[in-house]
Amino acid sequence: MLNHFKISIKKDLEQQLNTRFNQEISIIVEEPKKAELGDLSVPVFSIVKTLRKPLPQIVDIVKEELTKVGDAAYFNKIDSVSGFINITLNRTKFSELVINDFDNTDSYGQNEFGQGKTICIDYSSPNIAKPFSIGHLRSTIIGHSLGNILEKCGYNVVRINHLGDFGTPFAKTIYAYLNWGNQEIVEQDPVNELVKLYVEFNEKAKLDPNLDEEARKIFNELEQGNETYVKLWEYIREESLKDYMKVYDLLGVRFDSYNGEAFYNDKMQAIVDELKEKKLLIKDQGAMIVDLGDDIPPALIQKTDGATLYITRDLAALFYRKNTYHFDEVLYVVGNEQKLHFTQLKRVVDKMGYDFAENIHHINFGLVLQDGKKMSTRKGKIVKLEDVLNEASTMSLDYINEKNPGLENKEEIATHIGVSAVVFNDLKNYRTNDFEFNLEEMVNFAGQTGPYLQYTSVRIQSILDSALNTTNKMNYDLFEGEHYFDILKNISLYEDIIIKARLEYAPSILAKYLLNLASLFNSFYAKERVLVDDEVERNTKLHLLKMTKDILNDGMRLLGMQVILKM
RNA sequence: GACUCGGUAGCUCAGCAGGAUAGAGCAACGGCCUUCUAAGCCGUCGGUCGGGGGUUCGAAUCCCUUCCGAGUCGCCA
């Protein structure tokens, strides 16, 4: 709502000034740094420049024009301080407007930004035969949260888990299994044993480069449909997926499609043919490439031995998705280090003559670092996500036992708190920043954390549960109070925050907003007793609390956190 | 070497389509529970916004340069 004011004031004021001076004038409506200066602000320096009139004169003119804009009825006062014109809203009227708006909406913040449009999101996409690591967490929860945010914006969202179930690393695991693996041991604990084999392969390959050659052979035969290898592949895929589903269940993550790389195995030839037909494919040093210009390296489509590569499969997947889902946009939630790959992917699509290259977005995110260095599976330094989530849940349970030992369903709630703490710890940071793996920080329950949001929501819930409401009369004058109005102003920004998070593909924008809202509420809570005797005052406060709680809960849901009622 | 991303308080980060005295949390220190959940609230301490130039009425924000860290750079994904 506050944003609507900004937009409409800007529009009205510009139009009025354009008419008055008969020239293009563009102004800015922003929020002052300090709340005590006002609610909205118009800096006039740029107008002084374009009109070449003294500043005091411009200030007077803009002040005068401001009294004529459409929203002027909501203004309480217009001051000026050194080139800034500050508008203070009539808090009572503005509050009534926001509250009515809230009450008349089923799902506050829901908008029609993406009405009728489809977006495919490729996220999580773990490489099978390896445990689900902390490294996969980022893609999984950023993608999941973006999906939720996009749905809130009215998009039809197709969630795709593009499993890494093909490629030479996979062939390495098969080689190791067949040559020195033990079937019984592997069957006991498939995923963990298989990754051991993979790590072992890499160690041995360092001493014996022939192994890499063997793995490439296996991969080739697998691609051709060798029965033994395909059976093994099916077994490994199934066991891995079983393992991952445990984590997805814990996180509440779901997908519409689990079509991984293997699914596109028979769809790549068509891509190769099309590239050939369009004369884009060039033979270079024995391999087939597409030249992409001087600024970036060419895309390797086929290896010397004829086997396909990552980008070939991604192209096949891309066209399959385009033809199946008819997406308006496709998002790839994949780490920073693959930036070049997606630049190449887009460039190839563009070269092929399709116009949707610009609708392909690499939603990159920072690396998970350990001691400032990239984590790597090859060295076996893997941190299993399941262990992290369990650790966080155990710590939550300890906390509950200390703070609220009589709580019912302790274990379940502890899991919700622990998992959400890990999720929030990730999403609160802007996604492209690198991420230092630090368990202590993840399960720290004080300050800017998931539990802080849950705690705030639970506190409100607790009051609402015990509240006796005897009236529906509101006293909007209460919103003259700073601590009331601060909360309300923030509530009015919810929809804008969601749209901003959508435009920047950044759940962290929503996360920071929720922290701020929770903080404002907790300050309010310390100052005001809610369940007072005066029934109109009580009802007004309860109304404010309910709005706050609804937004906190909805926001947490969008981030992929669990909403709990007690803790 | 080329290209990309980052460098803001002791630590983790926000702010960056230029705007008013640079903001949070953690840590440290000091307060606040006979009243709705203290996983909270209030306060104190803490900053040459990596360095140097430039553009501008105004720069953490834009441009150039330099230092530091990370990532990527044809047969892995």
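Every chain is numbered from 1, with letters handed out A, B, ... down the list of sequences.
Put simply, F84(A) rests on the base of rA20(B): the two rings are less than 5.5 Å apart at their centres and nearly parallel, under 30°. Ring stacking holds between F45(A) and rG19(B), with the centres under 5.5 Å apart and the planes within 30 degrees of each other.
Counting non-hydrogen atoms under 4.0 angstrom, Q454(A) reaches nothing in the nucleic acid. Y430(A) comes within 4.0 angstrom of sugar-phosphate atoms only, judged by non-hydrogen atoms across all strands, and of no base. Contacts of Q285(A) with the nucleic acid, taken as non-hydrogen atoms under 4.0 Å apart, include base atoms. Counting any heavy atom pair closer than 4.0 Å across all strands shown, L309(A) reaches sugar-phosphate atoms only and no base atom. As judged by a 4.0 angstrom heavy-atom cut-off over every strand, I289(A) is placed among the base-contacting residues. Across all strands shown, D291(A) has no heavy atoms under 4.0 Å from either base or sugar-phosphate atoms. Counting any heavy atom pair closer than 4.0 Å across all strands shown, T456(A) reaches no nucleic acid atom. Counting any heavy atom pair closer than 4.0 Å across all strands shown, P169(A) reaches sugar-phosphate atoms only and no base atom. Contact annotation for T168(A): backbone-only contact, meaning every heavy-atom pair under 4.0 Å involves sugar-phosphate atoms and none involves a base. Contact annotation for S462(A): base contact, defined as any heavy-atom pair under 4.0 Å involving a base atom. When heavy atoms are screened at a 4.0 angstrom cut-off, R529(A) is found touching base atoms of the nucleic acid. Within 4.0 Å (heavy atoms only), A287(A) reaches at least one base atom of the nucleic acid. Using a 4.0 Å heavy-atom criterion, one finds that N336(A) contacts no nucleic acid atom at all. Using a 4.0 Å heavy-atom criterion, one finds that E528(A) contacts the bases of the nucleic acid, with or without backbone contacts as well.
Regarding N202(A), its CG atom lies at a distance of 13 Å from the P atom of rA77(B), rounded to whole Å. Going from atom CD1 of I400(A) over to atom C1' of rA38(B) covers 16 Å, rounded to whole Å.
Put simply, the side chain of S41(A) and the base of rA20(B) share a donor and an acceptor less than 3.5 Å apart. Contact of N516(A) with rA14(B) (side chain to base): no donor-acceptor pair of N or O atoms is detected under 3.5 Å.
Among rA70(B), rA77(B), rG40(B), the nucleotide with an atom closest to any side-chain atom of Y310(A) is rA77(B). With distances taken from any side-chain atom of N433(A) to the nucleotides rC42(B), rC13(B), rA38(B), the minimum falls on rC13(B). The side chain of K33(A) has rA60(B) as its nearest neighbour among rA60(B), rG71(B), rC75(B). Of the candidates rA77(B), rG71(B), rC75(B), rC75(B) carries the atom nearest the K303(A) side chain, counting heavy atoms from C-beta on. Closest approach to the Y452(A) side chain among rA14(B), rG40(B), rA77(B) is made by rG40(B) (side chain taken as heavy atoms from C-beta onward). Considering only the side chain of P451(A), rA39(B) comes nearest among rA39(B), rC75(B), rA24(B). Of the candidate nucleotides rU72(B), rC41(B), rG74(B), rC41(B) has the atom lying nearest to any side-chain atom of S523(A).
Rounded to whole Å, the C1' atom of rA39(B) lies 23 Å from the corresponding atom of rU44(B). With C1' as the reference atom, rC67(B) and rA28(B) are 32 Å apart, rounded to whole Å. Rounded to whole Å, the C1' atom of rC64(B) lies 30 Å from the corresponding atom of rU21(B). Spacing of C1' atoms, rA38(B) relative to rU48(B), comes out at 39 Å, to the nearest Å. As rounded to the nearest Å, rG43(B) and rG58(B) have P atoms that lie 35 Å from one another. With both ends at atom C1', the span from rG69(B) to rC26(B) equals 23 Å, rounded to whole Å. Here the separation of rC76(B) from rG15(B), taken at their P atoms, is 39 Å to the nearest Å. Taking atom P in both rA14(B) and rU55(B), the straight-line distance is 31 Å, to the nearest Å.
In this structure, rA20(B) forms no base pair with any nucleotide, since neither Watson-Crick nor G-U wobble geometry is met with both distances under 3.5 Å. The base-pairing partner of rG69(B), taking Watson-Crick or G-U wobble contacts with both distances under 3.5 Å, is rC5(B). Under the Watson-Crick or G-U wobble criterion, with both distances below 3.5 Å, rG40(B) is paired with rC32(B). Of all nucleotides present, only rG10(B) satisfies the Watson-Crick or G-U wobble test against rC26(B), with each distance under 3.5 Å.
The pair R216(A)-D212(A) does not meet the salt-bridge criterion, since no charged nitrogen lies less than 4.0 angstrom from a carboxylate oxygen.
Ring pair F219(A)/F170(A): centre-to-centre distance not below 6.0 Å.
OP1 or OP2 of rC76(B) sits under 4.0 Å from a side-chain N or O of R216(A).
The cationic group of R459(A) lies under 6.0 Å from the six-membered ring centre of Y525(A) and within 45° of the ring axis, placing it in a cation-pi geometry. Cation-pi check for K172(A) over Y198(A) is not met; the charged atom does not lie both under 6.0 angstrom from the ring centroid and within 45 degrees of its normal.
Around the CD atom of E408(A), the shell of radius 6.0 Å holds no more than 12 heavy atoms that belong to other residues, nucleotides or ligands.
Test Y264(A), Y258(A), F263(A) against H162(A) for ring-ring contact (aromatic ring centres under 6.0 Å, His included) and you get one pass: Y264(A).
For rC64(B), the base adopts the anti conformation, since its glycosidic angle falls more than 90 degrees from zero. rG18(B) adopts an anti glycosidic conformation, its chi angle falling more than 90° from 0.
Checking Y455(A) against N522(A) by side-chain atom types alone, no donor-acceptor pair falls below 3.5 Å.
In this structure, Q344(A) contributes its side chain and P297(A) its backbone to a donor-acceptor pair below 3.5 Å.
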